[in-house]
Amino acid sequence: MDDLDRYVAERAARDPEFVEGFERGRRAFKLGVMLKVARQDAGLTQAEVASRLGTHKSAISRMENHAEDIRLSTLQRYAEAVGCILALELRPEAEGMIPTAVRAVAAEAEAQPARKRPRRTRATATAG
């Protein structure tokens with residue numbers, strides 16, 4: 001497990017809302033990467049895909065870099081423009097959350113008793 005997985009697991013154990021936000025961001029990032037890879041595999045530039053979709057290059061860049069809220073119909077058209085088909089999959093929510101290794105570390109952290117930190121004391125000087 002790398003440092004990022006460890007950080008996410010520790011943060012998830014402290015803050016369940018973090019997991020939701022992290023997972024949403026991860027899915028959007030992954031979608032954008034998938035779009036970019038499909039375009040590059042097709043040997044197309046953003047401008048060429050934009051032309052095929054009747055839009056601007058900046059719109060394609062936004063889709064690939066900020067894929068938070070893309071319409072299904074837009075994804076379908078993008079897929080066709082790069083010579084792909086769009087396939088959707090529905091999974092139980094528990095499978096879609098943070099990776100299994102991260103969940104295992106989070107569960108392990110919850111199972112261990114909280115460690116107490118030694119109390120720090122400040123040395124005080126006495127005037128003589």
Side-chain angles (χ1 to χ4, degrees):
M1 177 181 310
D2 63 18
D3 290 340
L4 177 60
D5 289 341
R6 193 170 294 108
Y7 169 78
V8 170
E10 290 170 1
R11 182 82 187 267
R14 292 190 315 262
D15 182 7
E17 290 178 14
F18 169 79
V19 176
E20 294 171 21
F22 178 83
E23 183 61 22
R24 270 192 307 276
R26 188 187 66 77
R27 282 192 304 256
F29 176 76
K30 184 177 178 184
L31 177 58
V33 169
M34 289 170 51
L35 295 174
K36 183 176 182 177
V37 167
R39 174 181 59 77
Q40 291 173 334
D41 287 350
L44 298 170
T45 65
Q46 288 180 340
E48 290 168 328
V49 173
S51 175
R52 291 180 182 196
L53 295 178
T55 189
H56 300 280
K57 177 186 172 292
S58 61
I60 302 304
S61 177
R62 247 189 332 275
M63 288 171 60
E64 292 179 358
N65 293 300
H66 306 285
E68 291 90 12
D69 190 19
I70 300 176
R71 290 182 175 182
L72 185 57
S73 59
T74 303
L75 286 173
Q76 179 64 42
R77 290 178 53 233
Y78 186 103
E80 291 170 1
V82 298
C84 293
I85 60 168
L86 178 64
L88 298 176
E89 178 182 34
L90 297 177
R91 287 190 241 155
E93 187 174 332
E95 290 180 22
M97 298 308 279
I98 56 178
T100 305
V102 175
R103 282 196 303 268
V105 169
E108 182 181 302
E110 288 176 6
Q112 294 177 355
R115 291 185 232 155
K116 290 186 178 181
R117 287 185 167 172
R119 187 172 176 171
R120 287 186 170 179
T121 57
R122 194 179 314 178
T124 56
T126 57

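- Under the 4.5 Å side-chain heavy-atom criterion for Ile, Leu, Val, Met, Phe, Trp and Tyr, I85 and L88 are members of distinct hydrophobic clusters.
- Hydrophobic clustering, with ILVMFWY side chains joined whenever heavy atoms are under 4.5 angstrom apart, keeps L86 apart from M34.
- Minimum heavy-atom separation, V49 to A81: CG1-CB, 4.4 Å.
- Here the CD atom belonging to Q46 is positioned 11.5 Å from the CG atom belonging to L53, to the nearest 0.5 angstrom.
- Between the side chain of N65 and the main chain of S61, a donor-acceptor pair closer than 3.5 Å is present.
- A side chain to side chain contact (heavy atoms under 4.5 Å, CB included) with I60 is found for exactly one of E64, H56, R62, K57, namely E64.
- Connection of L72 to M63 is established within a shared hydrophobic cluster, with ILVMFWY side chains joined at heavy-atom distances below 4.5 Å, either directly or through further cluster members.
- Here the closest heavy-atom approach between residue V82 and residue R39 is recorded as CG1-CA, 3.8 Å.
- Between K36 and Y78, the shortest heavy-atom distance links the atoms N-OH, 4.2 Å.
- Rounded to the nearest 0.5 angstrom, L75 CG and C84 SG are separated by 12.0 Å.
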